[in-house]
Amino acid sequence: MANGDFDVDLFIIGAGSGGVRAGRIAAGYGARVMIAEESRVGGTCVIRGCVPKKLYVYASRFQDAFADAAGFGWNVPQASFHWPTLVANKETEITRLEGIYRRNLVNAGVEIVDSRAVIEGAHAVRLLATGERITAKVILIATGARPSLEPVIPGGELGLVSDQIFDVPELPRRLLVIGGGYIAVEFAGIFAGLGVETTLLHRGPRLLRGFDHDLAEGLAAAYRARGIELLLETRVERLERAGSDIAATLSDGTTRRFDQVLVATGRRPNTAGLGLESAGVATNEKGAVIVDADGRTNVPSIYAVGDVTDHAHLTPIAIREGQAFAETVFGNRPTRVDHSLIPTAVFSTPELGTIGPSEEAARALYPALVVYRTRFRAMKATLSGRDEPVMMKILVDGATDKVIGVHIMGEAAGEMIQLVGIAVTMGATKADFDRTIAVHPTAAEELVTLRTPVA
Ligand SMILES: Cc1cc2nc3c(=O)[nH]c(=O)nc-3n(C[C@H](O)[C@H](O)[C@H](O)COP(=O)(O)OP(=O)(O)OC[C@H]3O[C@@H](n4cnc5c(N)ncnc54)[C@H](O)[C@@H]3O)c2cc1C
């Protein structure tokens, strides 16, 4: 078929981080682009992920601010929190953002269809809202991921997933969070900060698998000190309704009662019922679309970007992949995404920021690994009396002096790691860090004044 024989040049399934970016860039190169969205434009990040999550993190941190104020001379009367106000204001903000995303797509010349789309062959999709069949020269799968309820817990349907927890009508008094990944950890921190009695339960020995152990253990200690009950190496055997409570029977033999249970045990690529088999698109054992370094599937006219490929489950990665796809396929500028160094934050309280391998992983990769680490009390904590250490760690390849990883726990760790990430991405050496003049008094200055290795 000649190009003109297709209804569109590019059909994108899913208007989330990756799909929206790909659509705007491809349309900018003159492609006729149609994008289908079955829920709300903006996708997980804007509607039920990064954005509302961060707003709730801000909300949760006021309790610290009120408590810390006394040491600085402020008398803050007993504060109270109104959950429905936060939920309503969050909704206003994500609706505003959704409008901006829609306008940006339309202004770029992209046609939005509010419908679920399923693939019906290498060059065709069906819009379920209208039944219409659209042919496309290229199809981009950008359907993201959804919360998984695996491993299945008997009674698990009594629990909520992250999509739902943002909008529960009432703030629970007692919350059980099941899971040990960043989403579980962040929600436990949010609800504890909002005054909810919070239990975080994880089947593994340590939170945040794959993260540096000093970060994971430092956060666990901080959470315990903040009154979050942390149950590690523990499983939920079953959930049952007990009056207005949910009773959770645990592998330690105890039964606990909660008002709400959040199941945050992982996310699975959104490929069920997508019609991949009609075109013969290959997936892995998790249902993720398998792609090459250009985001191309085994079917030459079908590409995939973002969470559906199960790469990194981060918005900036989905955006980069969407951009690279559009540059390569429609801009004639071959572009690939480098996944080797990804700075990232965990918006727990205290916050974590990290780039590069954990110390544990780095030991296997760099025989001459040199480790610098410091734990200290932030200046603000002197008068506030808050007893929560800041931790910073720099990993250096002793053979080249290159900084290969940085791990930070403490206030604004996410902001710090974004900037340190530039230096690490550029290949900065420890000597480059050392010759950088400190900004005083800050916490971040410790990153350029660490002189004595600990290992
Ligand atoms: C609670 C939470 C917090 C998060 N916090 C962060 C964070 O702080 N930082 C960060 O970088 N990342 C964060 N993430 C991850 C981030 O949201 C995702 O990595 C990102 O949204 C992935 O983008 P995507 O384009 O691949 O998919 P998505 O943004 O999920 O978009 C996919 C879209 O496709 C639509 N869709 C699916 N199937 C179809 C179909 N058949 N037809 C039509 N439409 C369809 C969906 O409705 C959805 O809108 C968070 C995620 C969650 C759940």
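Note that ligands are numbered from 1 as they come in the structure, with each ligand's atoms numbered from 1 the same way. Keep in mind that what you see is a predicted model, and the values were worked out from it rather than measured.
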May I ask you to identify the nearest protein heavy atom to [atom], giving residue, atom name and distance to one decimal place in Å?
atom: atom 36 (N) of ligand 1; value: E38 OE2, 3.7 Å
atom: atom 33 (C) of ligand 1; value: E37 OE1, 3.5 Å
atom: atom 28 (P) of ligand 1; value: T44 OG1, 3.5 Å
atom: atom 6 (C) of ligand 1; value: C50 SG, 3.4 Å
atom: atom 42 (N) of ligand 1; value: A117 N, 3.0 Å
atom: atom 8 (O) of ligand 1; value: K53 NZ, 2.7 Å
atom: atom 40 (C) of ligand 1; value: I13 CG2, 3.5 Å
atom: atom 31 (O) of ligand 1; value: G16 CA, 3.3 Å

| task | Taking R267 for its side chain and A145 for its backbone only, find out whether a donor-acceptor pair lies under 3.5 Å. | result | yes
| query | With distance as the sole test, does R257 use its side chain to make a donor-acceptor pair with the main-chain N or O of A248 at under 3.5 Å? | reply | no
Report, in ascending order of atom number, the atoms of ligand 1 lying under 4.0 Å from any heavy atom of [X].
X: D307; value: 18 (C), 19 (O), 20 (C), 22 (C), 26 (O)
X: G18; value: 25 (O)
X: S39; value: 47 (O)
X: F187; value: 1 (C)
X: G306; value: 26 (O)
X: P316; value: 11 (O)
X: H313; value: 15 (C), 19 (O)
X: G14; value: 33 (C), 34 (O), 35 (C), 44 (N)

Can [X] and [Y] be counted as an ion pair, charged N to O under 4.0 angstrom?
X: R40; Y: E91; value: yes
X: D7; Y: K137; value: no
X: R174; Y: E197; value: no
X: E411; Y: K380; value: yes
X: R146; Y: D163; value: no
X: E111; Y: R32; value: no

| task | Apply the side-chain contact (heavy atoms from CB on, under 4.5 Å) test between P172 and each candidate in I165, D259, I246; give the one that qualifies. | result | D259
| task | Check L175, T199, D245, V177 against F258 for a side-chain contact (heavy atoms from CB on, under 4.5 Å) and give me the one that passes. | result | T199
| said: My understanding is that we take every heavy atom of each candidate and find the minimum distance to atom 15 (C) of ligand 1. Doing that for Y56, F166, Y182, which one comes out nearest? | reply: Y182
If you measure every N or O of [X] against every N or O of ligand 1, does any of those distances drop under 3.5 Å?
X: L314; answer: yes
X: S162; answer: no
X: N270; answer: no
X: T315; answer: yes

Answer with yes or no whether the side chains of [Y] and [X] bring together a donor and an acceptor at under 3.5 Å.
X: H407; Y: T354; answer: yes
X: R116; Y: S39; answer: no
X: E321; Y: H311; answer: yes

| message | Check for me whether R146 has a heavy atom closer than 4.0 Å to any atom of ligand 1. | response | no
| query | Only one of F166, F81, W83, Y56 forms a ring pair (Phe, Tyr, Trp, His ring centres under 6.0 Å) with F191, so which one is it? | reply | W83
| query | When rounded to the nearest 0.5 angstrom, what is the spacing between OH in Y101 and CD1 in I47? | reply | 9.0 Å
| Measuring from I13:CD1 to T143:OG1, what's the distance to the nearest 0.5 Å? | 7.0 Å
Hey, is [X] touching ligand 1 through its side chain, its backbone, both or neither, going by heavy atoms under 4.0 Å?
X: R48; answer: backbone
X: A318; answer: side chain
X: P147; answer: neither
X: I183; answer: side chain
X: L274; answer: side chain

